[in-house]
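Below, read A as the first sequence line, B as the second, and so on, with proteins coming before strands; counting in each chain starts at 1.
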There are 2 protein chains.
Amino acid sequence: MEIRLSSSLEDYLKTIYLIQEENTVARVKDIALRLGVASPSVTGAIKVLKKLRMVEHNSYGYIKLTESGLETAKKVFETHQSIANFLHLVLGIDIETAEEDACKIEHIIGPETTYRLAKFLEFSAAPSSECRGCMARFSEWMTTNINKGYQKDK
Amino acid sequence: MEIRLSSSLEDYLKTIYLIQEENTVARVKDIALRLGVASPSVTGAIKVLKKLRMVEHNSYGYIKLTESGLETAKKVFETHQSIANFLHLVLGIDIETAEEDACKIEHIIGPETTYRLAKFLEFSAAPSSECRGCMARFSEWMTTNINKGYQKDK
DNA sequence: TTGTATATTTAGGGTTACCTAATATTATTA
DNA sequence: TAATAATATTAGGTAACCCTAAATATACAA
C-alpha cells in the first residue's frame, strides 16, 4: 500500500523531518524558509499531506509527522545521503553541488538503485577493500585530467 | 546564452534526435508514440521549441532540429548514456531499470556531475585500470550479499 | 487588557504539461 | 477526382505547484 508522492511533497516531509531531528517544533514559517517557498505554499502542501495521513496538524498549530510520514521522510533522507556521499566522496564533486544534485535525484531513483548505490559506497569505503586504493587513484587521475575537459564556470 | 529547458522539453528534443538518427523524418505521431503522450501535447511542445529556435516546423509538416536544438539534444542523450552505463555496468542494475532511471536523472544533473561521471566510467573501464578488478569484486560481492538486503518485488 | 507584531490561512492568479473532443488539413485509394 | 482514412491542430479543461495580497488568528508587551 505504497503511495507514490510527488517530489514536492517528499521535500516537505524531508524538511519537517530535519526540523524535528533538531528537537525543534515544525512551523509553517520554518518549512517555508528552508524550502525557499512562500507560506501559503506550505499551508497547501500540509493540507494534502494531512489528507494522506502523513502529518498531523490543527489550524494555526504545529506540524508533526505521523508514523507513516516519518517512515517516508527517513527513506527520502537516507537516499539523499547515499547520493550526496557518492557524488562527493567518489566523484569528488564539491559538497554544495553534490547536495543540490542529491536533492533532485533523491525523488527519482527507485529502491533498487538506492540500495545498490549504498552498497557500492559500503564496499568502496570498507577498510579492507582494495577499492579504496582504486578510488584514491581515480581522485588523483581526475585532478591531473580536470583541465582538459569540463571547466566550472560562474 | 544557455537556455534552461524543462525536463519535458528536453525529452521532446531527445526523441526528435533519436528519430532523426534512424534516418527517419520526425512527425507528431511518432514523437507522441515514443513519449507516450497524446498528439496535442506534441503540437504544443513543438510550438514552444519553435519559439526557442530549437526546431523548424511548418504546420502539418515534418519536424527538424535546428543546430541549437541538435546540440542540446545530443548533450541530453550523452548524459543519458553516461548515467545508464554507470547504473548498469557499475552498479549492476538491469538494463531496463537503468534506462528508466537515466531518463529522469539526465534532466537534473549539472554539467560537472555529468563530466565526472563520464570520467569515472572511463577510468574504471580502462584496460590498464586496476579498477577493473575492483569492479569485478564489487559485482561478486553484490551477488553474494544481494539477498540480505533489498529484494526486487513486483 | 488592549494594541501591535507575527504567523497562518484564504482568495485569486499564473505557468507547465498533460488530457479529450472537435475541427482542419493532407494523403490514399477506389 | 471524390470519398475516406490518417494525421495535425485548435479549443477547452484539469491538476500540481508555485506566487502575491488580503483577511484572520495568535502571541507578546506596554
Test side chain to side chain contact (heavy atoms under 4.5 Å, CB included) applied to A:Phe86 and B:Phe86, step by step: CA-CA 12 Å; A:Phe86 170 75; B:Phe86 171 75; 3.3 Å; yes
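Per the geometry, CD1 belonging to A:Ile46 stands 14 Å off C1' belonging to D:dC17, to the nearest Å. Atom OH of A:Tyr60 and atom C1' of D:dA23 are 8 Å apart (whole Å). A straight line from NZ of A:Lys29 to C1' of D:dA27 spans 13 Å, rounded to a whole angstrom. When rounded to the nearest whole Å, the span between CD1 of B:Ile31 and C1' of D:dT9 equals 14 Å. Across the protein-nucleic acid pair, A:Asp30 atom CG and C:dT6 atom P stand 15 Å apart, rounded to whole Å. In this structure, CG of B:Asp11 is placed 8 Å from P of C:dC18, rounded to the nearest angstrom. When the P atom of C:dT8 is taken as reference, atom OH of A:Tyr62 falls 9 Å away, rounded to whole Å. As a whole-Å value, the separation of B:Arg27 CZ from D:dA8 P is 6 Å.
When heavy atoms are screened at a 4.0 angstrom cut-off, A:Gly61 is found touching no nucleic acid atom at all.
Distances shown here put a side-chain N or O of A:Ser6 below 4.0 Å from the OP1 or OP2 atom of D:dC17. Within the structure, every side-chain polar atom (N or O) of B:Ser59 is placed at least 4.0 Å from both OP1 and OP2 of D:dA8. A sub-4.0 Å separation between OP1 or OP2 of C:dC19 and a side-chain N or O of B:Ser41 is present. Side-chain N/O atoms of B:Ser39 include none lying less than 4.0 angstrom from OP1 or OP2 on D:dT9. The phosphate of C:dT10 (OP1 or OP2) has a side-chain N or O of A:Lys47 nearer than 4.0 angstrom.
Using cut-offs of 30° and 60° on the angle between ring planes, the pair A:Trp141 and B:Phe123 is tilted.
Taking A:Glu22 as the reference, A:Arg34 meet the side-chain hydrogen bond (donor to acceptor under 3.5 Å, both in side chains) condition, with sequence neighbours excluded.
Both A:Ala38 and B:Val28 lie close to DNA chain D; mapped to their nearest nucleotides by heavy-atom distance, the more 5′-ward contact belongs to B:Val28.
You'll find that the side chain of B:Val37 is closest to C:dC18, out of D:dA11, C:dC18, D:dC19. If you check C:dA11, D:dC18, C:dA17 against the side chain of A:Pro40, the one that comes closest is C:dA11.
Salt bridge absent: A:Glu10 and A:Lys14 never bring a charged side-chain N and a carboxylate O closer than 4.0 Å.
Contact check for B:Thr24 versus B:Gln20: no side-chain heavy atoms found under the 4.5 Å cut-off.
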